[in-house]
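Okay, structure first, notes after.
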Amino acid sequence: MSDLRVRFAPSPTGFLHVGGARTALFNYLLARKEQGTFVLRIEDTDVERSTQESVDAILQAMDWLGLSYDEGPFYQSERYDLYKGKVSELLDQGLAYRCYCTPEELSAKREAVTQSGGKPRYDGTCRERTDQPDEPFVVRFKTPQEGSISFVDRIKGTISVENDELDDLIIQRTDGNPTYNFVVVIDDAEMGINLVLRGDDHVNNTVRQIPMYEALGYKVPEFAHVPMILGADKKRLSKRHGATSVMVYREMGYLPEAMVNYLVRLGWSCGDEEIFSMDDLIEKFSLDNVGRSAGVFNPDKLLWLNEHYIKTGDSQRLGDLVTEILVGQGVTVNDGPDMTAVIKTLQDRAKTLVDMADGARFYFQAPSSYDEKAAAKFLNDEKRGVLELLIKHLGELTDFTLEDVEGAFKAIMEESGLKLGKIGPTVRVALTGGTVSPGIYDVVAVLGKEAVMVRLQKALATLELVRQ
RNA sequence: GCGCUCAUCGUCUAGCCUGGUCUAGGACAUCGGCCUUUCACGCCGACGACAGGGGUUCGAAUCCCCUUGGGCGUACCA
């Protein structure tokens, strides 16, 4: 057990997106690797936008990814007393002050300053004010005006900003609610977080937060800022780039291990290795190999990884997952062939679980109609003999193992003088309704004698019908 | 605009810190071939990058500077 304490602190204003998931993953990995503690904190100080649904969605997504936490979830909305106390503390010590400027005045000033080419910072109007009129006010933190602030980022190295670039941050709103930059400091400190590992977009906040740690008498933690994830156009990843919610990927038939593997490799590497299990990662992950530049989210590679994990995954587990999808689509699975056997015929040719479900459906539902083109080509009158032969030879089998099936096909080929290429497609259409399926011997063997005979007979009957 | 920051194949990256072993390696994608009863898988191969310009050095992808480009921030959002 080390004393490393990290945290993931999402704000519940939507689902867990891939960027947040990666941040959570990095934190989780580090905590597990160092046998430290992973804290989950919900940053819901924005009452307007925070929802319980979002909290649930985030929790669910973390669970799906396998990112378990050791403490929390803590809700900032339940810690307002703590924050209020800290505000008074700073006020009493003269490290913060009441500001009576209205939002309108502020934005007007900001606009004016921007127009004239200046920096849009708070001008300090109320900084030295001593009266306390009975008017709405916010509380601002007195940011040091001289010198500069720098810190050593574990990923980016030394970062330094002149204090005159900073202005006095609002730490408490007119309505009495504290703001993000303030509570994050208090919480990270009070929760004993000693490494703040978060997104790149917080680098600028860090230099604002450090003086607050100091003012509050807290020890400044270490920081590590992971680069952003961008879309294909190098703009910040958003909905218009396609799915950004990790749970949407689950719905699209992705495996959590594929998502984890993809996310970790976006910005981190370990030599030439591409495939990592969670255990591998816990062993190998390190901040030292995290890159400093933003990365583009590449759905193709995610898909490839998913393909990989489907190919190498446990058939039983995959079967359970596919069953879920099939049942959801109203397909009855119980009285069909063995699901694990079905899955094994599909693992090499599916990219997602949804693909797999699509490919598995015919095993459980006899084709209600045949693909038109396929039927015209492979289920026409010329194929009558082939069908009859199939029915005869397969009907004679007592066992329906892969070997038996193969044997029967061999016999048919000998008797008819036809090659498999002349027989296979017909069987496929008769059995599956289309031209795409796993290997035909597999299909026949897994489908089982009863279903095969029924479907073959039906195909033959269809031929009769057409003939009349 | 200002501040912070980043910069190797289309994309993710190795290499950079500790210059020479880099005619820059791997992966995804793309293209071609092989395999083949369909679709796939698999296998083999091809294409493809050190952003540009200056330095430093015997020698730079690696160190320094400038330029350009990208990202982030600049809220009573987080």
Side-chain angles (χ1 to χ4, degrees), chain A residues 9-13 43-46 48-50 76 99 101-103 106-107 110 113-121 136-140 153 156-157 159-162 164-167 169-175 177-181 183-184 198-208 225 227-228 230 232 234-236 262 265-275 289 291-305 307 311 346-351 355 359 374 378 409 419-429 432 434-441 443:
Chain A
S11 53
T13 54
E43 312 226 313
D44 54 352
T45 51
D46 184 350
E48 296 289 308
R49 300 196 301 150
S50 300
Q76 291 186 322
C99 169
C101 300
T102 64
L106 257 20
S107 59
R110 195 154 36 229
V113 173
T114 310
Q115 293 272 309
S116 62
K119 296 171 186 176
R121 307 164 33 228
F137 63 88
V138 299
V139 178
R140 287 183 187 269
D153 189 280
K156 296 178 170 294
I159 291 174
S160 159
V161 175
E162 296 297 319
D164 60 16
E165 293 295 335
L166 278 21
D167 61 359
L169 216 63
I170 291 174
I171 59 176
Q172 186 179 87
R173 301 181 177 94
T174 311
D175 64 7
N177 289 325
T179 58
Y180 166 76
N181 273 302
V183 298
V184 76
R198 77 228 303 192
D200 213 348
D201 46 342
H202 288 291
V203 176
N204 295 280
N205 287 329
T206 306
V207 292
R208 296 165 156 276
H225 289 95
M228 300 277 85
L230 311 175
K234 305 250 183 167
K235 300 288 179 200
R236 190 178 194 152
Y262 177 70
R265 275 287 289 109
L266 215 192
W268 172 83
S269 62
C270 185
D272 284 341
E273 287 183 64
E274 293 288 350
I275 305 297
N289 304 315
R292 291 131 304 175
S293 51
V296 173
F297 187 79
N298 183 352
D300 280 336
K301 189 146 188 182
L302 208 209
L303 187 61
W304 173 74
L305 281 164
E307 211 179 323
K311 203 171 304 172
L346 261 13
Q347 280 182 273
D348 272 349
R349 60 195 74 231
K351 291 180 193 294
D355 277 356
F378 303 117
F409 270 81
K419 287 190 173 173
L420 189 54
K422 295 288 177 188
I423 303 170
T426 295
V427 185
R428 191 172 343 261
V429 179
T432 72
T435 52
V436 174
S437 83
I440 202 63
Y441 299 149
V443 169

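Below, chain A is the first sequence line, B the second, and so on; all start at residue 1. Just so you know, these numbers come straight off a predicted model, no measurement behind them. All heavy atoms count here, side chains included; hydrogens, waters and symmetry mates do not.
Position along RNA chain B of the nearest nucleotide to Tyr180(A) versus Val436(A) favours Val436(A) as the more 5'-ward residue. Looking at which nucleotide of RNA chain B each of Asn205(A) and Lys235(A) is closest to, the 5′-most match is held by Lys235(A).
Closest approach of Asn289(A) to Ser269(A), counting heavy atoms only: CB-O, 3.2 Å. Closest of all the heavy-atom pairs between Pro120(A) and Arg110(A) is CB-CG, 3.5 Å. Between Val161(A) and Glu165(A), the shortest heavy-atom distance links the atoms CG1-CB, 3.9 Å. In this structure, Pro227(A) and Ser293(A) approach most closely via the heavy-atom pair CB-O, 3.3 Å.
In this structure, G10(B) and C28(B) make a Watson-Crick or G-U wobble pair, each of the two defining distances being under 3.5 angstrom. For G48(B), there is no paired nucleotide, since no Watson-Crick or G-U wobble pair has both relevant distances below 3.5 Å. When Watson-Crick and G-U wobble pairs are counted only if both distances are under 3.5 Å, C4(B) pairs with G71(B). Nucleotide U21(B) is matched to nothing when pairs are restricted to Watson-Crick or G-U wobble geometry with both distances under 3.5 angstrom.
Annotation: side chain of Asn298(A) is not in contact with side chain of Trp304(A) (no heavy-atom distance under 4.5 Å). Two residues are said to be in side-chain contact when any heavy atoms from C-beta on lie closer than 4.5 Å; Pro438(A) and Leu346(A) meet this criterion. Between Ile159(A) and Val203(A), the closest side-chain pair of non-hydrogen atoms falls below 4.5 Å.
Taking atom C1' in both G20(B) and A60(B), the straight-line distance is 9 Å, to the nearest Å. Nucleotides U23(B) and C16(B), compared at atom P, are 16 Å apart to the nearest Å. Using atom C1' as the reference point in both A7(B) and C66(B), the two lie 15 Å apart (nearest Å). A gap of 13 Å separates the P atoms of G32(B) and A40(B), to the nearest Å. Rounded to a whole angstrom, the distance from the C1' atom of A61(B) to that of G53(B) is 16 Å. Nucleotides C43(B) and G26(B), compared at atom P, are 15 Å apart to the nearest Å. Using P as the reference atom, A51(B) and G33(B) are 35 Å apart when rounded to the nearest Å. Across C9(B) and G70(B), the matching P atoms stand 16 Å from one another, rounded to whole Å.
Rounding to whole angstrom units, CG of residue Asp300(A) and P of U30(B) are separated by 7 Å. We find that CG of Asp348(A) is positioned 17 Å from P of U36(B), with the value rounded to whole Å. The nearest whole Å value for the distance from the CH2 atom in Trp304(A) to the C1' atom in G42(B) is 14 Å. Between the CG atom of Leu169(A) and the P atom of C76(B) there is a distance of 9 Å, rounded to whole Å. Taking atom CD of Glu273(A) as the reference point, atom P of C28(B) lies 15 Å away to the nearest angstrom. As a whole-Å value, the separation of Asn177(A) CG from A78(B) C1' is 14 Å. Taking atom CZ of Arg349(A) as the reference point, atom C1' of U36(B) lies 11 Å away to the nearest angstrom. Rounded to whole Å, atom P of A75(B) lies 7 Å from atom CG of Asp167(A).
When the options Arg198(A), Lys156(A), His202(A) are evaluated for a side-chain hydrogen bond (donor to acceptor under 3.5 Å, both in side chains) with His225(A), the one that passes is Arg198(A). Test Val138(A), Asn181(A), Val139(A) against Ile170(A) for side-chain contact (heavy atoms from CB on, under 4.5 Å) and you get one pass: Val138(A).
Considering only side-chain atoms of Leu230(A), the nucleotide from G71(B), C76(B), G1(B) that sits closest is G71(B). Comparing A75(B), U37(B), A78(B) against the side chain of Pro425(A) picks out U37(B) as the nearest. Closest to the Met228(A) side chain, of the nucleotides U38(B), G71(B), C41(B), is G71(B). Of the candidates C41(B), A75(B), C72(B), C41(B) carries the atom nearest the Lys351(A) side chain, counting heavy atoms from C-beta on.
Across all strands shown, Pro438(A) has heavy atoms under 4.0 Å from base atoms, whether or not it also approaches the sugar-phosphate. Residue Lys419(A) is out of contact with every strand shown, counting any heavy-atom pair closer than 4.0 Å. Note on Asn181(A): a base of the nucleic acid sits closer than 4.0 angstrom, heavy atoms only. Within 4.0 Å (heavy atoms only), His225(A) reaches no atom of the nucleic acid at all. At the heavy-atom level, Thr45(A) lies under 4.0 Å from the strands shown only through sugar-phosphate atoms.
The backbone N or O of Leu303(A) sits nowhere less than 3.5 Å from a side-chain atom of Tyr262(A) that would complete a donor-acceptor pair. Distance alone, capped at 3.5 Å, places no donor-acceptor pair between the Arg265(A) side chain and the Ile275(A) backbone.
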Going 5' to 3' through nucleotides 62-69 of chain B, assign each nucleotide B (protein heavy atom under 4.0 Å from a base atom), S (under 4.0 Å only from sugar-phosphate atoms) or - (no protein heavy atom that close).
--------
Give the B/S/- string for nucleotides 3-19 of chain B, one per nucleotide from 5' to 3', where a protein heavy atom under 4.0 Å of the base yields B, of only the sugar-phosphate yields S, and otherwise -.
BSSSS---BBSS-----
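Note that CG of Leu305(A) and NZ of Lys311(A) are 11.0 Å apart. Values are rounded to the nearest 0.5 Å.
Not a single donor-acceptor contact under 3.5 angstrom links the side-chain atoms of Thr435(A) to the base of C39(B).
Its glycosidic angle being within 90° of 0, C41(B) falls on the syn side.
A sub-4.0 Å separation between OP1 or OP2 of U37(B) and a side-chain N or O of Arg428(A) is absent. At the phosphate of A75(B), neither OP1 nor OP2 sits under 4.0 Å from any side-chain N or O atom of Arg121(A).
Under the side-chain contact (heavy atoms from CB on, under 4.5 Å) criterion, Asp201(A) pairs with Met228(A), Arg236(A), sequence neighbours left out.
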